[in-house]
Amino acid sequence: MIRNLKLKFGSHRTAAPLTLDTTPITVFVGPNNSGKSKVLTEIEHFCRKTFAHPASVVLDGLELEPFPASDLEVELAALEMAPKLGETVNAGHILVGKVNPQNNQMLRVQLSKQQLFNEAQNPQSRCSYYSQFLSMFTVRMDGTNRLNLLGEQNGGDLQSTPSNHLAHLFIDNALRKRVRDIVFDAFKKYFVIDPTNIGKLRVRLSDREPIDEREEKGWEERSVAFHRSAVEVQHASDGVKAFIGIITTILAGDPRIALIDEPEAFLHPALSNKLGKEIAKALRGSRKRLFVATHSSSFLMGCIQSGSPLNIVRLTYNYAEPTARVLPKEKVLELMRNPLLRSTGVLNGLFYESVIVTEADSDRAFYQEINERLLHASDPRGIHSCLFINAQNKQTVWDIVKPLRELGIPALGIVDIDVLKDGGQVWGKPLEGAFIPSASHASMHAQRQSMKALFDATEKDMKRDGGIELLNGSDKEACANLLSQLQEYGCLVVPGGEVESWLQPLGAGGHGSKWLIEMFEKMGDSPESPNYLAPAKGDVWDFLGAARAWLADPNRKGIPVQ
């Protein structure tokens, strides 16, 4: 029903607004307050009104496909209802109805059949009848209503079109078996539908599978006993209710346009992954359209692993600059196939405004703590919504930074000054990973070689014995110029040599984790503590401020333009 959607902005401030041809699934990712939930409500409004909301801030519009008359005739035949006693149907109109899974209420409307057919062929105009028809097939599931998707429902006339998704499942044994298999795989309980409250249908979870169809669907004593021994789903946990509610609504509720806000709510990562995989598989090859806003890398990976056609759109609203970028799912999949990247949780970077990558875990913990203190003090050098992760060494920092930048995510690398020690491919990694123009590589290789010679002449360790302070005069200036050039591309080199060079007046000794433990003890752990170290001018505070300056710059260098 939806051919494409157009947003109000693109991948950067001068890019054309994003127009996206829809696939069965479109997943919106990004940091908090980037517009993910907002775009769902704006899509819903358009589908229910066939025009954009006047106050829309993310969605510019949707292009709806004309609805073939023959298909529309079939749909109406399934929806048409007989009027109630005393109910009048206007001339040329038909009465149609469908249960809305969001509230389990029957939506009954009168539609002018001829006008509906006309509007369905030109859905881009403001169509009063077509919008009512489209509303019947539009469902939004959020944190509140997803827990009510499995409420008791009317059985209805089993000889006619099912009026709700539980009636659909009750009639369709194969589909019910499919749901049962999914639920059992997730919770080791059997999904069954209980008809023993005459005229009503309710979901139960059983410790054993029904012996036969009659035991589940009958009214005799053995059926009553079977269902009595099972637990009504309303008494299950919120996670169980949310998972099964979404699955049954997508598979049996027949929404043509479904919107889910944070499907991972109430679910642990493994269940989020399974949910993404199952609903994506259910929509494969379908004309239905699902739009999801998520913070879960597990759910996203489930969608990707299903093999279903998929759009991944990253939204940001960083420093009042909104962006929208389509992420190639092949690139996202690469992040999870690489053992190094998978072990660092790099995919979580999709849900932050920016990422900082350090050489080791102790570096990561230290810089993250410094940033937390800057943020707590409302210091402008603090970096909001930033994920700190660590590589294994200075070379693998760029194995993480580069693919993140290819996805348009501002990722900055922090390395020790011994990045200048080795030439060849080792020095080439930060140049390539930071996307420094290749025409500059030759001169920077020469500069690195010169800097190494200067450090070697001191006969001291550039990393452990003082970093840039080992040099004097113009030599020191030349080294500072090289580090400044790297900084322009989001490669920050510790000028004092290594992370242990920061905050030296505190007197923390050792290296690595030993140094970190002593440093944290000397820094104090509470703002109320007399020895608590608050942000100050200079030192590591300004160093992280330089990182923030690069990350906040909309014209930052080192991000491939798409």
Side-chain angles (χ1 to χ4, degrees), residues 1 44 47-50 67 69-120 123 126-141 144-145 148-173 175-176 193-204 216-220 223-224 227 232-234 245 248-249 251-258:
M1 289 182 177
E44 181 186 24
C47 293
R48 297 195 187 281
K49 302 293 184 180
T50 68
F67 207 110
S70 57
D71 292 353
L72 187 56
E73 192 75 66
V74 173
E75 297 287 354
L76 291 178
L79 294 174
E80 189 168 2
M81 305 178 69
K84 296 179 181 179
L85 184 63
E87 187 175 13
T88 302
V89 178
N90 297 326
H93 287 60
I94 59 173
L95 181 66
V96 296
K98 193 173 188 293
V99 170
N100 182 353
Q102 290 178 215
N103 55 22
N104 288 326
Q105 299 296 313
M106 175 67 75
L107 177 64
R108 294 163 53 88
V109 296
Q110 288 191 38
L111 301 175
S112 166
K113 194 170 183 179
Q114 186 57 54
Q115 186 63 27
L116 175 61
F117 273 78
N118 294 340
E119 292 178 357
R126 296 197 176 193
C127 306
S128 60
Y129 289 111
Y130 188 65
S131 64
Q132 294 180 70
F133 172 78
L134 202 58
S135 286
M136 292 184 165
F137 295 96
T138 301
V139 174
R140 181 167 63 88
M141 292 169 267
T144 302
N145 67 29
N148 301 320
L149 295 171
L150 296 175
E152 188 175 71
Q153 298 179 20
N154 291 322
D157 184 353
L158 300 184
Q159 297 186 26
S160 65
T161 302
S163 61
N164 58 67
H165 65 286
L166 290 191
H168 186 178
L169 284 169
F170 190 72
I171 293 172
D172 192 329
N173 296 331
L175 185 59
R176 192 170 70 260
I193 296 182
D194 173 13
T196 59
N197 184 11
I198 307 300
K200 301 288 186 179
L201 299 174
R202 53 193 171 189
V203 173
R204 290 184 181 272
E216 179 182 9
K217 299 174 71 172
W219 290 342
E220 63 266 31
S223 298
V224 173
H227 288 295
E232 192 170 351
V233 75
Q234 296 304 323
T248 56
T249 301
L251 265 62
D254 199 33
R256 308 305 168 82
I257 300 167

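Remember, it's a predicted structure, so these values are computed and weren't measured experimentally.
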Begin from the C-alpha positions of Lys200 and Asn154 and carry the test side-chain contact (heavy atoms from CB on, under 4.5 Å) through to its verdict. CA-CA 5 Å; Lys200 301 288 186 179; Asn154 291 322; 2.7 Å; yes

Begin from the C-alpha positions of Val109 and Val96 and carry the test side-chain contact (heavy atoms from CB on, under 4.5 Å) through to its verdict. CA-CA 6 Å; Val109 296; Val96 296; 3.6 Å; yes

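When every heavy atom of Ala167 is checked against every heavy atom of Gly155, the shortest pair comes out as CB-O, 3.7 Å. The two residues Leu169 and Ala252 come nearest to each other via the heavy atoms CG-CB, 3.6 Å. Closest heavy-atom contact between Gln234 and Leu150: NE2-O, 3.0 Å. The minimum heavy-atom distance between Gly218 and Ser223, with the atom names listed, is O-CB, 3.2 Å. Scanning all heavy atoms of the two residues, the minimum distance from Pro83 to Leu95 falls at CA-CD2, 3.7 Å. Nearest heavy atoms, Gln110 versus Val89: OE1-CA, 3.5 Å.
The CG atom of Asp172 sits 13.5 Å away from the NE2 atom of His165 when rounded to the nearest 0.5 Å. The CG atom of Leu79 lies 6.0 Å from the CE atom of Met136; values are rounded to the nearest 0.5 Å. Put simply, NE2 on His93 and CG on Leu111 are 7.5 Å apart, with the number rounded to the nearest 0.5 Å. Between Glu75 atom CD and Glu80 atom CD the span is 13.5 Å, to the nearest 0.5 Å. Note that CG of Asn173 is 4.0 Å distant from NZ of Lys217, once rounded to the nearest 0.5 Å. The distance from atom OG1 of Thr50 to atom CD of Gln132, rounded to the nearest 0.5 Å, is 10.5 Å.
None of Phe67, Tyr129, Phe133 except one satisfies the side-chain contact (heavy atoms from CB on, under 4.5 Å) rule with Glu119; the exception is Tyr129. Evaluated for a side-chain hydrogen bond (donor to acceptor under 3.5 Å, both in side chains) with Glu216, the options His227, Arg176, Arg204 yield exactly one hit, Arg176.
Contact check for Arg202 versus Leu166: no side-chain heavy atoms found under the 4.5 Å cut-off. Side-chain contact check for Tyr130 versus Leu116: some heavy-atom pair is nearer than 4.5 Å. A 4.5 Å side-chain heavy-atom check between Thr248 and Leu149 finds every atom pair outside the cut-off.
For the pair Arg140 (side chain) and Asn145 (backbone), a donor-acceptor distance under 3.5 Å is absent.
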